[in-house]
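Heads up: the structure comes next, in structure tokens.
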Amino acid sequence: MFGLMQNFPLIVPRILDCAGRFHANTEIVSRRTEGDIHRYTFFDMGRRTKRLAKALTRLGVEPEQVVATIAWNEYRHWDRSS
């Protein structure tokens, strides 16, 4: 791909895969709305987001469709199964 910086599109799944692969043990730390601190790793986050993607697919969401959420910026925003 002449003139581009990489030979693949810079999309969210690629970014998440890279984080999980190269920074698997790095912690993501957030304060929950209840006030306590929650910690988990990029590897765990990757597993959770893949589960969420599969659930959305089962609900009929197509790959090019947009799904939006609104929530506090904490780990549960990404996967409400916790």
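Partners of T26 by side chain to side chain donor-acceptor pair (under 3.5 Å), not counting sequence neighbours: none found. R31 pairs by the side chain to side chain contact (heavy atoms under 4.5 Å, CB included) definition with I37, not counting sequence neighbours.
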Only pairs under 3.5 Å count here: list side-chain donor-acceptor contacts from residues 8-25, not counting sequence neighbours, and write none if there are none.
none

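With values rounded to the nearest 0.5 angstrom, E27 atom CD is found 10.0 Å from D44 atom CG. Atom OG1 of residue T49 and atom CZ of residue R47 lie 10.5 Å apart, to the nearest 0.5 angstrom.
A continuous path of ILVMFWY side-chain contacts below 4.5 Å connects F42 to Y40, so both sit in one hydrophobic cluster.
The list of side chain to side chain donor-acceptor pair (under 3.5 Å) pairs with a residue in residues 53-67, not counting sequence neighbours, is empty.
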